[in-house]
Each structure stands twice: as C-alpha cells, then as structure tokens.
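Notes to accompany the following structure.
All residue numbers refer to positions in the sequence shown, counting from 1.
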Amino acid sequence: MGLICEVNLLADGEKFFFQIKVEKYPLPVSYHGKYYKRSGSTTQEVTGYELDKMILSVQGRTWDSVPVPNIKADELDETAFKIFKKKALQRHRLTEEDLAVSREDLLHNLHCYETEYLTRAAVLAFHSDPEKWFTCAYIKIAYFENEADILYQDEVHGSLLEQVEKTMEIVYVKYMKALISYEGITRRETYFFPPDAFRELLLNAIIHKDYMQPTPIQIQVFRDRINIWNFGDMPASIPVESLYKWHRSVPRNPNLANIFFRCGYVESWGRGYSKIKRLCNEWNANIPVPEVNTGGLSVDCIASESYRKLAKELKVDGFGVAQGVAQDVAQDVAQDVAQGNIKEMILNCIRENNKISREEIARRIGKSKKTIERHLANMKDYVVFVGSGYSGYWKIKK
C-alpha cells in the first residue's frame, strides 16, 4: 500500500499485541490496484475523474501535457497555424525567423511534444476537430428572450484558435446589436460591452476550462447583458474576489496558455482582469461581475446606464432607465466587484421600490431568482420583508 507506519509490540498482562499507528496521508493510497481515501469516518474508493487528477498531480504533470498517440503534425489545421503566425508577428511575440521553420520544429519550440507524440494542448489549439478526443471542446451561444425562452442559438467548433475569432464575430455581429448614432456626419456604433474586454473573458474561459468534463463553454446573450460560463474550479490560491487584484498567473492548462501567449492573445502575468477593468472604464461600461457557479466560473456583463439612455433615446424596445440598473447601482458594482458582491445592487433596487418582487430584482440585476433569494437569505441584518404577498414591502434595517 506504500504506507509508512509505526508498529509497536505491547503487553497487557500475559497477552501481547501489536499497535499500528498510521498518520494521515495527503493523497489516496493504493491497495490491490485500487486507490482509497479517508473522508470523515468512512473509507472511499477513488475512481474516474478524481483518480486521473490525482495521478497527474503525483507525477507533477498537467492535463494538457499528456501525449495523444496516432496524430501527426501534418494532420493539424493549416488555418489554425496561419492565425497563430499572424497574431504572433502582430504582437511581436515571435519573429519571422522564429516562424520560418517546419511545422514540427515550431511545435517542438512551443513544447507541444512529449517524446514523439503531440500533447493534448497541441491537439486542442491546432486540430480542426479536437472533439474527436475531447467531447466538450466547443462553445455554445444562445440568445435569450428571458431566463427560460431561447430565440436562437449557435455552436462554434474547430481548433481553439479558430473558435476565438468565430465566437467574437458571431456574438458582435449576430447577437449583440450595436446602437447606431451620429456625431455630425460621423457614424457611431455603440455596444453595451467592449469587444476587447469580452475577448479577454473568452480567452480566460478557453485557457482555464476543465476539458476533462463533458460540458462546453456557454455564452448567454440577453438584450442588455451577456454571461459567459466555463467549467472548472478556481485555484485555491486565487479566490474569485481577488480576480481584480494583483495575482499570480495560475492557468489550469499551462501548455495551452503558452500557445495563446506566444501568438499574442494573452499575457502571462495574471493581468487579464485588470485589463478588462481598464477597458470597461474607458468605455464607461459596467465592470463584469465574476461568480463561482455550478462547478465553474460565471461572469456577468451588464449594460451601462449610458447605453440604456441612448437606447431609450433611439426608442429601442425594452429599454429605459426605469427598467435598467440605476446609475448608483452601476457605480456600486464597479467599486464592489472585487468582492463579487451584489448586495448593494439588491439594496438599491429596494430603495427605488420597496414593493419590488424577487423576480424583478433578478431581472434588473441580471441574475437568476435563485441567486437573488440566496443573497437575500444572507442579508437578514440589512433588509427584511414585512407582511406577505402583494401587500408586503421591503424594509431596510441599516
């Protein structure tokens, strides 16, 4: 079993017995080809996904560094390599001399080989159909009329490098309609969220996704907000409330992150959310609100009050200041987003209308009713509902 334990021979009168002391072990232990761990007062067998993670951790390996047999470099997608080379030259991450090598040498230089085999990172980034090996390696996009009704949807497939460009085009051409206004004779297109900031969120989702889970990245687009979710727990060293603070870069898939860094898509210093915040401030847009949700990271991007005012002026259906998040709420989000806290947003909705329903709070903030109810349950020291039904009202205690 590989255990090191203390064995003592003890006596009780004329009887002798062995005492065996086993200290706690940080990793599961093996016995007859199976692995076990202690949970509370029970012993549990470790299998499947958890076992794979444990074995890789013991070996000092990451998931994306594992070799994939029977794939040759000439089977990878030429379009993905063109995107990589173009971006790498534009961002000065690689020189023309660096790129003027064979495909095999380029992949070796990117650490995409394990002995003679290509790694999972190489297959994800450059193969035209990585879903042959990883069923969740694609992106789902849907436009929602409300939380329940989908009007239309798309799926983005292909190499991960291609998925970035395809997704940006679909979201900002088909899903997120620009408001058209004019300054003199100059045409101006206004989106409710900066494209470059959304690209950063998309790249984060792709690089940090847990590809061992059979769930794709999901993007939900509404009239006045967009949500992006990817499966994968946050690193223990970086809680979600620290994303907008300075932190180390701890990518779940470091080999994949290296490919995206070399082609100029991302930085390598954990500055992604700082860049997102700066871009949003330049656009006068609301700062995205990240939240740990359903085993992954969910990020909400809500339309700013200036966008809502312009939409109202242009008589766009469904927009108006009264229907949106108030200006002071937007400011509170920007100030409090480092803690991922929507408490002030809920309180501001109640200040505006003390008879507001939970459903209306959820719609205005851009969260689900279940999320609002969870936050309200933790806000009993701040707000209480007096009475019942339609005759009741909210009372702010402090």
Sequence neighbours excluded, which residues qualify as salt bridge (Lys or Arg N to Asp or Glu O under 4.0 Å) partners of Arg199?
Glu165

Under the ring pair (Phe, Tyr, Trp, His ring centres under 6.0 Å) rule, collect the residues that match up with Tyr117, sequence neighbours excluded.
none

Are the side chains of Tyr211 and Cys136 in touch, meaning some heavy atoms are under 4.5 Å apart?
yes

Dump the intermediate steps for side-chain contact (heavy atoms from CB on, under 4.5 Å) on Met379 and Leu347, then the final yes or no.
CA-CA 10 Å; Met379 292 171 59; Leu347 290 174; 3.8 Å; yes

Should the pair Tyr143 and Tyr152 be assigned to parallel (<30°), tilted (30 to 60°) or perpendicular (>60°) ring geometry?
parallel

Crowding at CZ, Phe17 (>12 non-hydrogen neighbours, <6.0 Å)
yes

Which residues pass the salt bridge (Lys or Arg N to Asp or Glu O under 4.0 Å) test with Asp64, sequence neighbours left out?
none

Evaluate whether atom CD of Glu104 has more than 12 neighbouring non-hydrogen atoms of other residues, nucleotides or ligands under 6.0 angstrom away.
yes

Take Ile219 and Phe198 through the test side-chain contact (heavy atoms from CB on, under 4.5 Å) and record every step on the way to the result.
CA-CA 11 Å; Ile219 299 173; Phe198 182 75; 3.9 Å; yes

Name every donor-acceptor pair, under 3.5 Å, that has one atom in a side chain of residues 82-94 and the other anywhere in the protein, sequence neighbours excluded.
residue : atom : partner : partner atom : Å
Arg91   : NH1  : Gly264  : O            : 2.7
Arg93   : NH1  : Phe261  : O            : 2.5
Arg93   : NH1  : Val266  : O            : 3.1

Begin with the C-alpha distance, continue with both residues' side-chain angles, and end with the deciding distance and a verdict on side-chain contact (heavy atoms from CB on, under 4.5 Å) for Asn230 and Leu297.
CA-CA 6 Å; Asn230 67 282; Leu297 184 66; 4.0 Å; yes

If hydrophobic clusters are built from ILVMFWY residues whose side chains come within less than 4.5 Å, do Val7 and Leu10 share one?
no

Residues in side-chain contact (heavy atoms from CB on, under 4.5 Å) contact with Glu6, at least two apart in sequence or another chain
Asn8, Lys21

Pair Ile139-Leu202, side-chain contact (heavy atoms from CB on, under 4.5 Å): steps then yes or no
CA-CA 10 Å; Ile139 299 172; Leu202 176 62; 3.9 Å; yes

For Tyr172 against Met176, the heavy-atom pair lying closest together
CE2-SD, 3.5 Å

For Glu75, all residues meeting side chain to side chain donor-acceptor pair (under 3.5 Å), sequence neighbours excluded:
none

Check for me, please, whether Val171 and Val173 land in the same ILVMFWY cluster - side-chain distances under 4.5 Å, paths through other members count.
no

Distance check, rounded to the nearest 0.5 Å: Ile276 atom CD1 versus Leu243 atom CG?
9.0 Å

Between CD1 on residue Ile228 and CD1 on residue Ile141, distance to nearest 0.5 Å
9.0 Å

Can you give me the closest heavy-atom contact between Ala303 and Phe192, atom names plus distance?
CB-CB, 3.6 Å

Would you say Asp98's side chain and Thr95's backbone share a donor-acceptor pair under 3.5 angstrom?
yes

Of all the heavy-atom pairs spanning Ile207 and Pro251, show the shortest one and how long it is.
CG2-CB, 4.2 Å

Run the side-chain donor-acceptor check on residues 126-134: report pairs under 3.5 Å with partners two or more places apart or on a different chain.
residue : atom : partner : partner atom : Å
His127  : ND1  : Asp129  : N            : 2.9
Glu131  : OE1  : His157  : ND1          : 3.3
Glu131  : OE2  : His157  : ND1          : 2.5

Please say yes or no: joined through hydrophobic side-chain contacts below 4.5 Å, possibly via intermediate residues, are Phe144 and Ile361 part of one cluster?
no

To the nearest 0.5 angstrom, please state how far the NZ atom of Lys140 sits from the CG atom of Asp154.
11.5 Å

Under the side chain to side chain donor-acceptor pair (under 3.5 Å) test, which residues partner Ser298, sequence neighbours left out?
Asn227

Measure across Leu161 and Ala80 and return the closest heavy-atom pair with its distance rounded to 0.1 Å.
CD1-O, 3.7 Å

Is a side-chain N or O of Trp394 found less than 3.5 angstrom from the main chain of Ile356, in a donor-acceptor match?
yes

Rounded to the nearest 0.5 Å, what separation is found between the CG atom of Leu76 and the SG atom of Cys112?
9.0 Å

Close side-chain approach of Glu114 to Val66, heavy-atom, < 4.5 Å:
no

Contacts of type ring pair (Phe, Tyr, Trp, His ring centres under 6.0 Å), residue Phe193, not counting sequence neighbours:
none

Tell me whether Gln163 contacts the main-chain N or O of Gly158 through its side chain, where contact means a donor paired with an acceptor under 3.5 Å.
yes

Considering all heavy atoms of both residues, which atom of Val299 and which atom of Tyr273 are nearest to each other, and what is their separation?
CG2-OH, 3.5 Å

Could you give the distance from CG (Asp77) to OG (Ser159), rounded to the nearest 0.5 Å?
5.5 Å

Do Val292 and Ile217 sit in the same hydrophobic cluster, where Ile, Leu, Val, Met, Phe, Trp and Tyr count as joined when their side-chain heavy atoms come under 4.5 Å apart?
yes

Heavy-atom pair of closest approach, residues Cys280 and Ala197
SG-CB, 4.3 Å

So, Arg278 and Glu282, do they make that salt bridge, N to O below 4.0 Å?
yes

With sequence neighbours left out, write down each residue that passes ring pair (Phe, Tyr, Trp, His ring centres under 6.0 Å) with His108, or none if nothing qualifies.
Tyr113

Non-hydrogen side-chain atoms of Lys72 and Arg103 separated by less than 4.5 Å
no

Considering only heavy atoms from C-beta outward, does the side chain of Val68 approach that of Leu118 to under 4.5 Å?
no

If the condition is salt bridge (Lys or Arg N to Asp or Glu O under 4.0 Å), which residues does Glu162 pass it with, not counting sequence neighbours?
none

Would you confirm whether Arg358, through its side chain, and Glu373, through its main-chain N or O, come within 3.5 Å as a donor-acceptor pair?
no

Gap between atom CG of Asn281 and atom CG of Asn286 - 0.5 Å precision
10.5 Å

Is the shortest side-chain heavy-atom distance between Phe81 and Leu107 below 4.5 Å?
yes

Any donor-acceptor pair under 3.5 Å linking the side chain of Arg252 with the backbone of His208?
yes

Are Glu291 and Asp300 close enough that some pair of their side-chain heavy atoms sits under 4.5 Å apart?
no

Is a side-chain donor or acceptor of Asn253 paired with a backbone partner of Lys209 at a separation under 3.5 angstrom?
yes

Counting C-beta onward and ignoring hydrogens, is there a side-chain heavy-atom pair between Phe260 and Leu160 closer than 4.5 Å?
yes

Would you check if the side chain of Asn258 reaches a backbone N or O of Pro254 as a donor-acceptor pair within less than 3.5 Å?
no

Excluding sequence neighbours, so at least two apart, what forms side chain to side chain donor-acceptor pair (under 3.5 Å) with Tyr138?
none

If you draw a 6.0 Å radius around CD in Glu96, do more than 12 non-hydrogen atoms from other residues or ligands fall strictly inside?
no

For a 4.5 angstrom cut-off between non-hydrogen side-chain atoms, does Tyr244 reach Pro288?
yes

Got a donor-acceptor contact below 3.5 angstrom from the Tyr265 side chain to the Leu203 backbone?
no

